[in-house]
Amino acid sequence: MKIKQVEELVGITKKNIRFYEAQGLLDVERAENGYREYHKEDIARLQEIKLFRKMDLSIEEMKALFENEKKKSLQICLEQHLKELEYRKEGLTKMQDICERLISEHQSLETLNAEECLEEIEQMEKEGAKLMNVNKMDVHKKKRKGAIIGAVVMTV
């Protein structure tokens, strides 16, 4: 089966299928002409990947599940993922509480004390809440920066 058929059958874009292959989640057989040849096992694996992505499992978690040498059981993986989801849920609940409080206080941009709110959030983080990491670099920004550096090096 060709990638276009797989894309339609599974509902995953060609780009994502190739990405999952590049990440080592999928090992697709190649025909003599070099084209990818997808089989029933590949379709099943892509359906598993789609399910796990919808469940918000990371690529790393899936790798641990699929790799033969250090194969992790689905049970263990899901138990660990459930703990991570609970941890994130606690952080979201705390953010929800802050939003509700600011709404009940009828805050506006003019009356909002961002510094005070940030201090409150930083205290939550110190206590273990897992919240949005604003220091994490945007992937697109990282790629753009790499392309600019490459262009400068080539120009020099």
Side-chain angles (χ1 to χ4, degrees), residues 3 6-28 36 42-156:
I3 195 165
V6 173
E7 178 182 38
E8 291 170 2
L9 182 65
V10 181
I12 297 176
T13 64
K14 290 185 272 191
K15 184 178 179 180
N16 280 344
I17 293 170
R18 290 184 185 115
F19 171 76
Y20 295 138
E21 184 180 358
Q23 293 299 307
L25 297 177
L26 190 63
D27 188 22
V28 181
R36 292 171 175 88
D42 301 316
I43 302 302
R45 176 53 49 94
L46 284 166
Q47 288 171 330
E48 291 169 348
I49 291 169
K50 184 176 181 179
L51 169 66
F52 294 146
R53 290 304 296 144
K54 285 185 177 277
M55 292 173 66
D56 199 26
L57 262 74
S58 69
I59 298 295
E60 291 75 26
E61 288 173 305
M62 284 190 280
K63 278 183 186 179
L65 266 176
F66 298 153
E67 286 178 355
N68 289 331
E69 298 109 40
K70 49 186 171 181
K71 200 166 194 169
K72 190 189 238 186
S73 78
L74 179 59
Q75 190 74 27
I76 292 170
C77 182
L78 292 177
E79 287 171 359
Q80 289 174 341
H81 186 61
L82 189 57
K83 286 178 188 173
E84 173 66 23
L85 291 173
E86 283 295 327
Y87 191 58
R88 283 195 270 166
K89 184 175 159 182
E90 290 173 19
L92 289 172
T93 300
K94 290 178 182 187
M95 284 298 102
Q96 185 178 7
D97 292 344
I98 290 174
C99 288
E100 288 172 351
R101 190 190 80 233
L102 292 174
I103 289 169
S104 71
E105 293 173 356
H106 303 288
Q107 293 287 334
S108 68
L109 277 178
E110 291 77 24
T111 61
L112 178 67
N113 185 338
E115 184 178 359
E116 185 179 290
C117 290
L118 285 170
E119 286 173 5
E120 184 179 346
I121 290 171
E122 287 168 5
Q123 183 59 41
M124 286 180 199
E125 289 173 326
K126 286 178 184 173
E127 293 169 0
K130 188 173 184 179
L131 308 172
M132 173 66 101
N133 182 359
V134 294
N135 296 323
K136 192 164 76 172
M137 183 180 270
D138 182 350
V139 173
H140 299 294
K141 192 182 282 186
K142 194 183 250 185
K143 286 181 181 177
R144 191 170 37 249
K145 183 178 177 184
I148 291 169
I149 292 171
V152 169
V153 168
M154 291 303 289
T155 305
V156 171

Handout entry: side chain to side chain contact (heavy atoms under 4.5 Å, CB included) partners for Glu115, two or more places apart
Key = Asn113, Glu119

Handout entry: Results of side chain to side chain donor-acceptor pair (under 3.5 Å) for Thr93 - residues two or more places apart only
Key = none

List, one per line, each side-chain donor-acceptor pair under 3.5 Å for residues 76-83, sequence neighbours excluded.
residue	atom	partner	partner atom	Å
Glu79	OE2	Gln75	NE2	3.4
Gln80	OE1	Lys72	NZ	2.5
His81	NE2	Met55	O	2.8

Exercise for the section: Run the numbers on Phe19 and Ile12 for side chain to side chain contact (heavy atoms under 4.5 Å, CB included), then give the verdict. Expected result: CA-CA 11 Å; Phe19 171 76; Ile12 297 176; over 6 Å; no

Exercise for the section: Determine the minimum heavy-atom distance between Leu26 and Arg45, stating which atoms define it. Expected result: CD1-CG, 3.6 Å

Completion exercise
Sequence neighbours excluded, the answer for side chain to side chain donor-acceptor pair (under 3.5 Å) partners of Glu21 is Arg36

Practice task
State, with a plain yes or no, whether a side-chain heavy atom of Asp42 is found less than 4.5 Å away from one of Val6.
Solution key: no

Exercise for the section: Identify, with sequence neighbours excluded, every residue that meets side chain to side chain contact (heavy atoms under 4.5 Å, CB included) alongside Glu100. Expected result: Gln96, Asp97

Problem - Pairwise distance OH(Tyr20) to CD(Glu48) - rounded to 0.5 angstrom - result: 13.0 Å

Exercise for the section: For Arg101, check salt bridge (charged side-chain N to carboxylate O under 4.0 Å, His left out) against everything at least two apart and list the hits. Expected result: Glu105, Glu120

Completion exercise
Smallest heavy-atom separation, Gln23 atom then Ile59 atom, equals OE1-CG2, 3.9 Å

Exercise for the section: List for me each residue that meets side chain to side chain contact (heavy atoms under 4.5 Å, CB included) alongside Glu8, sequence neighbours excluded, and say none if there are none. Expected result: Lys4

Handout entry: Least distance between heavy atoms, Leu57 atom then Met62 atom
Key = O-CE, 4.1 Å

Problem - Minimum heavy-atom distance Cys117-Leu112, with the two atoms named - result: SG-CD1, 4.0 Å

Fill in the blank from the handout: Asp56 meets the side chain to side chain donor-acceptor pair (under 3.5 Å) criterion, sequence neighbours left out, with Arg88

Exercise for the section: State whether the side chain of Glu7 and the backbone N or O of Lys14 hold a donor-acceptor pair below 3.5 Å, judged by distance alone. Expected result: yes

Problem - Set of salt bridge (charged side-chain N to carboxylate O under 4.0 Å, His left out) partners for Glu61, sequence neighbours left out - result: none

Practice task
Answer yes or no: is there a donor N or O on one side and an acceptor on the other, between the side chain of Lys94 and the main chain of Met124, under 3.5 Å?
Solution key: no

Fill in the blank from the handout: To the nearest 0.5 Å, atom CD1 of Ile121 lies from atom NZ of Lys126 at 13.0 Å

Practice task
Answer yes or no: is there a side-chain heavy-atom contact under 4.5 Å between Leu51 and Gln47?
Solution key: no

Practice task
Using a 4.5 Å cut-off on heavy atoms from C-beta on, say whether the side chain of Thr111 contacts that of Ser108.
Solution key: yes

Completion exercise
Arg18 meets the side chain to side chain donor-acceptor pair (under 3.5 Å) criterion, sequence neighbours left out, with none

Exercise for the section: Start with the C-alpha distance between Met95 and Ile98, add both sets of side-chain angles, then the distance that settles side chain to side chain contact (heavy atoms under 4.5 Å, CB included), and finish with yes or no. Expected result: CA-CA 5 Å; Met95 284 298 102; Ile98 290 174; 3.6 Å; yes

Handout entry: Side-chain heavy-atom pair Phe66, Asp27 within 4.5 angstrom cut-off
Key = no

